Structures are given as structure tokens and as C-alpha cells.
Trainee: 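Provided herewith is a single structure, encoded as C-alpha cells, for subsequent inquiry.
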Amino acid sequence: MTWFSSQMVSLYGIEVLIEQLAVFLKRRLWFPQTLSDLLGFNNTIRSSLGKLFIVLGILTVLLSSFVLTFHNVTVRVLFSEHLVLGLFLLGGYVKPDLQNSFLLMFMRMLLVVPLMASLSFKLYPSALKELKDLFNRDASGALHERRDILIQALGCGVLMFVYIASLYIAIGLIPTGIALTLFFTYPVFTALLSWRFFGDRPTLFRWLVIGIILVGSALTIPQSSATYSSHTIAIGIFASVSAGIVYAFYCIIAQKCLEKFHPVPFTWISFACTLLLSGASLLFWPAKSTQLDWTPLWIGSIFSGLVSFIGHTLNNVGIRMVGASTASIIGSSSPALTALVAWVTISETLNVIQSVGIGIVTLGIALLSAEGFVKSLKNRS
């Protein structure tokens, strides 16, 4: 009996210990005991995972903007000589003119278009079928009912070709951060075009933000100096703003086209058109190839194409995770990120007024995007 009693006491002690441990876990960690608790626990996990998914989406879009800044900085280096990372004196391989913009665009697109095609058709298997449908003809010999979509998609390809060429010239002539800031005034023109074509009249808040963006843009304009002549600055500003205006038209037509056409084949058509048009432009207006250093040009173009492809891919993934409105708010950081990366990598400095101007433009773009985000939420509710 003594042995049996001792064993019972031991078992009882273990049972008490387990009960105390269970109470401790219930108080400290909490675990489901009933079906309702289990359902609530699952909802908590889903909510936490949903928040984590949104955070990852925001970080993905932010990473996309960061990666794309290296494309802009690379273009800047190809056009003008800089001390890269304070170690290597590189750049200035071509002059920042229209011919060389076509050349760099063509070399970049030679890599981006095949990469985008290989990824796009895997992400969206129906893309090839939709592309074929655009060229189908019915019994009467007329174009398929989606011919309007084809015209809009090709038109966006032409506009992409124009705004990239203009932006390349701007980046080659004036500081990268300023060129991108002036280009990012395109939401102002997009708002005005939406009013003209879609009847979306700007609110008082939107007019106020447009004014803020224009004031910030004016503050970024560089003064003429030994480095930048007044003529160079004028051409750079004109090219930047022109690129923004053309991109605004691109956004308006794309908005109409994407109502009936998937963004994957649409984006590929735009890039393919840019490749074809830049190649055709070089046939009629060839660059002076005898004076070019092809090795660094190809290295720079391949690097530019890779970071461009990675940046656009990350941006598309981020849009799927957090939505286009949230992505556009985060994307408003691009001018500031570009100025920061250019300062770190190629020591491209801005004065205090120009930095404030970039900050004001970035804030204005974020406010415009936030207004669209709030509006979309109201429409859903």
C-alpha cells in the first residue's frame, strides 16, 4: 500500500502541475477550447495574415519604386560622366539628344520585351488568345469588335515611345531628381484631361493640391551655372514636362482601354510598340555608331533593362496585393527616392530650395492619390 500510495501522490502531483500549466497558458497565451473560440481564433489568424499581406504589398511597391530609380540613374550616367560611388569615373558615352535616346531605348527594350513576354504569358495564359482575337475578322471582312481596343493599345504604345524618349533627354540634361519631379507633375494633367474626356470635374481640394504641385515644381527648377546653361535647363524642363503631359494622355487612354482589355497583354503591346518604333527611328535617323563605345553602352542598357523589368514586375505584384490606388500613393515617393539614390550613387546634389520643392511635389502627388483612394472606398460602400 505504501508503494501504491506514493505512486498515486506522484500522479496527483503531475495532474496538478498540468492543470496549473494549462491555467498559465490560458491566461498568458490563450488557446481555443470551444468551437466558438476556435472560429474566433481562426478569424484572428486571418486578420493578422491579412494585415501582414498588406504590409508586404506596401513594401513590394516601395521596393519597386526604389529599384526603378536605378534605371533613371543608369540613364543619367550613360549620358554624362559621374564619379560612381565615389570610386569609378564612368559615363558620358553618348550625347543627350533624340537619336541617342532612341538608341538607348531600343537597346533596353531588346531585353525587356522578351522577358516581359515570357513572364506575362505564364502569369496570364489567356494573353496570347486575347492578342490573337484583336486581329480576328468576322464574315463581313470587318475588323473584330475589339478593333477599338487594338487602336487604343497601339496608341498607348506610341505615347509610351514618345514620353520615354522625352524623359531620357531630360535626364541627360538636368539632374535626375529634378527631371523625375517635373515628370511626376503628370497627375495635374491627368486630372485636367479626366475633366475634359470623362466629365470628372476637379474638386476644390484637387485644385488646391494641383496648385501645391505646381509651386513645388517651380522650386525645383535649377539656376543657370557653369554646369547647366540656361539653354540646357530650358530644354531639360521642356522635355520633362512634355514627357509628363504625354504620359497623362497615356494614362487616360489606358484607363479606357483597360475597361475591356487585360493589363498583361496591354502592357506587352505598349513595350513591343516602343521597341519597334525606336528601331524604326534608328533606321531613318541613325546614331553615329563609329564614335560610340559599345561595351559600356550594352552593359548599361542590359542593367537598365533588368532593373526596369524587375521594378515593373514588383509593381504589378504590389498592385495585386494592395490595389492600384494604394500603390499610386506609395509610388509618389519616386521623385524623392530618385534624388536620394542619385545623391548616394553619383553625388548629384540639390540645394535646399530644390529639395523642399521635391518634397512638396511628392506630398501633392500623395494627396491626389489619397483623394482617389478615398473616393474609390466611398463608391464601394
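If you're wondering where the values come from, they're calculated on a predicted model, not measured in any experiment.
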Trainee: State the CG-CG distance between Leu154 and Leu159, to the nearest 0.5 angstrom.
Mentor: 11.0 Å

Trainee: Test of understanding: with ring pair (Phe, Tyr, Trp, His ring centres under 6.0 Å), list the residues that count as partners of His71, not counting sequence neighbours.
Mentor: Tyr168

Trainee: For the pair Tyr250 and Val162, evaluate side chain to side chain contact (heavy atoms under 4.5 Å, CB included) and give the outcome as yes or no after the intermediate values.
Mentor: CA-CA 10 Å; Tyr250 174 89; Val162 174; over 6 Å; no

Trainee: In the structure I gave you, are the side-chain heavy atoms of Met109 and Ile164 within less than 4.5 Å of one another anywhere?
Mentor: yes

Trainee: Let me have the donor-acceptor pairs involving side chains of residues 169-178, under 3.5 Å, with sequence neighbours excluded, atom names and distances please.
Mentor:
| from | atom 1 | to | atom 2 | distance (Å) |
| --- | --- | --- | --- | --- |
| Thr176 | OG1 | Glu348 | OE1 | 3.0 |

Trainee: Examine Ile353 and Ile237 and state if one hydrophobic cluster contains both, with Ile, Leu, Val, Met, Phe, Trp and Tyr joined whenever side-chain heavy atoms are less than 4.5 Å apart.
Mentor: no

Trainee: Rounded to the nearest 0.5 Å, what separation is found between the OG atom of Ser281 and the CG atom of Leu276?
Mentor: 10.5 Å

Trainee: Tell me whether the centres of the aromatic rings in Phe184 and Tyr186 are closer together than 6.0 Å.
Mentor: yes

Trainee: Measure the CH2-CG distance between Trp285 and Asn100 for me, rounded to the nearest 0.5 Å.
Mentor: 9.5 Å

Trainee: Within the 4.5 Å heavy-atom criterion, are Phe249 and Ile252 side-chain neighbours or not?
Mentor: no

Trainee: Do any pairs count as a side chain to side chain donor-acceptor pair (under 3.5 Å) and have a residue in residues 210-220, sequence neighbours left out, and if so which ones?
Mentor: none

Trainee: A side-chain contact here means heavy atoms from C-beta on lying under 4.5 Å apart; do Val75 and Arg108 qualify?
Mentor: no

Trainee: Does Leu68 sit in a hydrophobic cluster with other residues, and if so which ones, taking ILVMFWY side chains as linked at heavy-atom separations under 4.5 Å, directly or through other members?
Mentor: none

Trainee: Which heavy-atom pair separates Gly305 from Val112 by the least distance, and what is that distance?
Mentor: O-CG2, 3.4 Å

Trainee: Please report the interatomic distance CD1(Ile151) to CD1(Ile253), rounded to the nearest 0.5 Å.
Mentor: 11.5 Å

Trainee: List the atom of Val209, the atom of Gly364, and the distance in Å for their closest heavy-atom pair.
Mentor: CG1-O, 3.1 Å

Trainee: Please check this pair: side chain of Thr74 against backbone of Phe70, looking for a donor-acceptor N/O pair closer than 3.5 Å.
Mentor: yes

Trainee: Distance from Leu219 atom CG to Thr181 atom OG1, nearest 0.5 Å?
Mentor: 11.0 Å

Trainee: Can you find a heavy atom in the side chain of Cys273 that is under 4.5 Å from one in the side chain of Val158?
Mentor: no

Trainee: If you link ILVMFWY side chains whenever their heavy atoms are less than 4.5 Å apart, which other residues fall into the same cluster as Leu83? By chain and number, please.
Mentor: Leu89

Trainee: In the single-linkage hydrophobic clustering (I, L, V, M, F, W, Y; side-chain heavy atoms under 4.5 Å), do Leu340 and Val307 co-cluster?
Mentor: no

Trainee: How far apart are the closest heavy atoms of Phe79 and Ser101, and which atoms are they?
Mentor: CZ-OG, 4.0 Å

Trainee: Give the ring-plane orientation class for Phe183 versus Tyr247, where under 30° counts as parallel, over 60° as perpendicular and anything between as tilted.
Mentor: tilted

Trainee: Using the rule that Ile, Leu, Val, Met, Phe, Trp and Tyr join whenever any side-chain heavy atoms are under 4.5 Å apart, tell me whether Leu214 and Ile358 fall into a single cluster.
Mentor: yes

Trainee: Applying ring pair (Phe, Tyr, Trp, His ring centres under 6.0 Å), name anything that partners Phe161, two or more places apart in sequence or on another chain.
Mentor: Phe102

Trainee: Can you measure from CZ (Phe66) to OG1 (Thr69) and round to the nearest 0.5 angstrom?
Mentor: 5.5 Å

Trainee: Find out if a path of hydrophobic residues (ILVMFWY) with successive side-chain heavy-atom gaps under 4.5 Å connects Ile365 to Trp195.
Mentor: yes

Trainee: Are side-chain heavy atoms of Leu363 and Ile212 found at a separation under 4.5 Å?
Mentor: no

Trainee: Do Ile360 and Val352 belong together in a cluster built from hydrophobic side chains that touch within less than 4.5 Å?
Mentor: yes

Trainee: Check Leu104 against Leu78 and note the closest heavy-atom contact, atom names and distance.
Mentor: CD2-CD1, 3.9 Å

Trainee: Taking all non-hydrogen atoms of both residues, which atom of Thr60 and which atom of Leu56 are closest, and how far apart?
Mentor: OG1-O, 2.7 Å

Trainee: So which heavy atom on Ser278 is nearest to which on Leu275, and how close?
Mentor: OG-O, 2.9 Å

